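Bear in mind that the values here come from a model prediction, so they are computed numbers and not experimental data.
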Protein chains: 2
Amino acid sequence: MDSSLNTAEAMDAPKVVAARSIVEAAYGAIRHDILNGVLAPGTKLRFEMLRQRYRVGASTLREALTRLVGEALVTSEEQRGFRVAPISLEDFADLTAMRKMLEVEAMRQSIRLGDDVWEAGLVAAFHRLTKVEEKLLEHADAHQDEWEARNREFHLAMIAACPSRWLKHMHAILYQQAERYRRIALVNPVVPRDIHAEHRALHEAALARDVELACLLGSRHIDRTVAVLNRVLAKVEGVRAS
Amino acid sequence: MDSSLNTAEAMDAPKVVAARSIVEAAYGAIRHDILNGVLAPGTKLRFEMLRQRYRVGASTLREALTRLVGEALVTSEEQRGFRVAPISLEDFADLTAMRKMLEVEAMRQSIRLGDDVWEAGLVAAFHRLTKVEEKLLEHADAHQDEWEARNREFHLAMIAACPSRWLKHMHAILYQQAERYRRIALVNPVVPRDIHAEHRALHEAALARDVELACLLGSRHIDRTVAVLNRVLAKVEGVRAS
DNA sequence: GTTCCAAAAAATCTCGAAATTATAGTTGAC
DNA sequence: GTCAACTATAATTTCGAGATTTTTTGGAAC
C-alpha cells in the first residue's frame, strides 16, 4: 500500500504477485487477462469455463470476481453472473477527465510536500524510464510491457509524496482502467517519440518545484496520450459496440 | 444505479434492500451495522461469529466481506481475516477534502447541464428535506435517520445531472464513508439549525444557475459540517485510537 | 525472567456437490 | 402464426465439511 518507491516491488502489479492465497492468484490472473484483452470486454464469464481455466473452486472464483467488480473491471448482474466490464469511447473520455483532475491535484500536493527521498525516487524512476525508452528506439516493439511498467512507476513516483490516501487510492483505480484501454489500443504499437521530451520536462519542472508548470505539463501530457489513443481506439473493433 | 430521483427507492441504501440474493442481504446487513457503529471500527470480524449473526455460509459471508473491502468499509489481511476499517480524524480530514473536490466539480457540471427533469427532482428533494427538518425542530432527536436519508437525497439530486459516471461513482463511495463518521458522531445528536438556511441558499443558487455561487456555498456547506463533526469526533472514544 | 521450539488449538481458506434460479425448447390453445 | 404455460436444460448461488495457515499454549533450556 505504501511502497511506491520500492524498487523490488516494481513488478507487483503486472503479473505474478507471488500470491499467498489462491483467491489472490486467481484474481491476479483474471485481472491480467482482462487488462490485456485476453478476456474481451463484454464477455460473459461462465463459471465452468473459468474454473477450468484458472483451476479454482466456485466460491474462490466468485470471491476473485467480486473483488474485480470493486475495481470496475467486471460487472455483475444479480442471478445472472458476471461479465468483463464493457468499454467505450465515452467511458474512456469520462475516465480520463476524472484521472486528469485527480492526477494534477496529486502532483500539486506531491511537488509542494515532497522531501529528499521523494526527489531521489523520482530521479530514479525517470532514469529507469529513460533507459527503457532508449531500448525501445532500437528493438522497436519489444519491451513494450516493460515500458508500460516503467511509465507507471514514473507517474506514481511523481505523486508519491501526495499525503492523501484517498486521492492516491482513487487515482490508482482510474490509472488501471486507463491502462486497460492503452493495452487494447496497443495492437498497433505506438512508438513513444516526443513522449520522452514530455517526461523530461515534467521531471525537471517537478524537481524545480515549479508547481504550476508541472501541473500544466502533466495536464497536457494526459491530453496528448488521450488524443493518440482516441485515434487508435476509434479504429479498434468492439470499442464502440460493447 | 440511475434511479436517484425515484421516490420509492429512497430507502434503498439504509437497511432492507429487498435482497434478491443471500450475499446481497448479508452485505447490506453488515454494511448497515458498520455504518451505524454496531460493528465498531477496528473490530476483528471472525467467521464463526458472523455466520451465527447473519445466518450465512462461509463462502457467502466471504463474498459479502470482499465487497465491503472494495468500498473500504472493511480491510483484509491475507490469511488473517477481516476487520472493520479503522477510523481516525486524519482519515476524516482526507476523506472530506477529497469529497469536497469531487462534489463541487459534480455540482458545477450538474448545474450547467441540468434540464427540467433535474430541476424538478431538485425542488422535490429540497421540499422533502424541508418537511423533515420541520418535524425535527419539534420532535427533537427522532427522525434523525430520516433526515440523513433526505439530506443524502438532496445532495444527490443536486449532482444528478452530472454526466460523469466515474465522478458520481467515486463521490458515492466518499459520501458513504463520510456518512459513517457522521452517524458515529451522532451519539450526541447535532440539531441542524442554520443548516436549513444553507440548504435553501444552495438550492436557490442552483436553480438560478449561478454556478460559482452554488459551488462556493456547497464548499462552505461541507466545511461547516466538517467543523462541527471535528469538534464532536475529537471527544468520541476510539476515533483517535483505532 | 526470557527465549526458543514443538504440539495443540483456533482461525481462515478452499472445494465441489446440492439447491436455487434463469434460459431455451416444446407443446397446446386461440 | 402468435402467445402463453409448461418442461427440460443450463447456469448461478449457497452451503458446510475438510485442508491449510496462523495463533496460542506449554515446557524445556539458558
Whole angstroms only, please: what is the CZ-C1' distance between B:F47 and D:dT20? 14 Å

B:A58 side-chain proximity, nearest of C:dT21, D:dA17, D:dT14: D:dA17

Protein-nucleotide distance (A:E63, atom CD; C:dC15, atom P), rounded to Å: 11 Å

Return the 5'-most residue of the pair A:V56, B:G81 with respect to DNA chain C, ranking by each residue's nearest nucleotide. B:G81

Taking only side-chain nitrogens and oxygens of A:K44, does any of them come within less than 4.0 Å of OP1 or OP2 of D:dT12? yes

D:dT12 C1' sits how many Å from A:F82 CZ, rounded? 9 Å

Look at all strands and tell whether A:L65 reaches a base, only sugar-phosphate, or nothing, counting heavy atoms closer than 4.0 Å. nothing

Any idea which of C:dG16, D:dT22, D:dG16 is nearest the B:S59 side chain? D:dG16

Ignoring hydrogens and angles, does a donor from either the side chain of B:T60 or the base of D:dC15 sit under 3.5 Å from an acceptor on the other? no

Nearest-nucleotide comparison on DNA chain C, the residue closer to the 5′ end among A:Q79 and A:R51: A:R51

Counting heavy atoms from C-beta on, name the nucleotide in D:dG16, C:dA22, D:dC15 closest to the side chain of A:R80. C:dA22

Check salt bridge (charged side-chain N to carboxylate O under 4.0 Å, His left out) between A:E78 and all other residues, then give those that pass, not counting sequence neighbours. none

If I take atom CE in residue B:M49 and atom P in nucleotide C:dT12, what distance separates them, rounded to the nearest angstrom? 11 Å

Salt bridge check: are B:R67 and B:E24 linked by an N-O gap of less than 4.0 Å? yes

In whole Å, I'd like the distance from the CD1 atom of A:I22 to the P atom of D:dT20. 9 Å

Rounded distance (Å) that lies between atom C1' of C:dC15 and atom CD of A:Q52: 16 Å

Anything under 30° is parallel, anything over 60° is perpendicular, the rest tilted; go ahead and classify A:F126 against A:F154. tilted

So does B:R46 get a side-chain nitrogen or oxygen closer than 4.0 Å to the phosphate oxygens (OP1/OP2) of C:dT12? no

B:H171 pairs by side-chain hydrogen bond (donor to acceptor under 3.5 Å, both in side chains) with which of B:Q176, B:E103, B:R99? B:E103

Taken to the nearest whole Å, CG/B:L50 to C1'/D:dG16 is 16 Å

Tell me the interatomic distance from A:E78, atom CD, to D:dT14, atom C1', rounded to whole angstroms. 13 Å

Phosphate OP1/OP2 of D:dT22: any A:R20 side-chain N/O under 4.0 Å: yes

Under the rule for salt bridge (charged side-chain N to carboxylate O under 4.0 Å, His left out), what residues qualify as partners of A:R180, not counting sequence neighbours? none

Tell me what A:L61 touches on the nucleic acid: a base, only sugar-phosphate, or nothing, going by heavy atoms under 4.0 Å. nothing

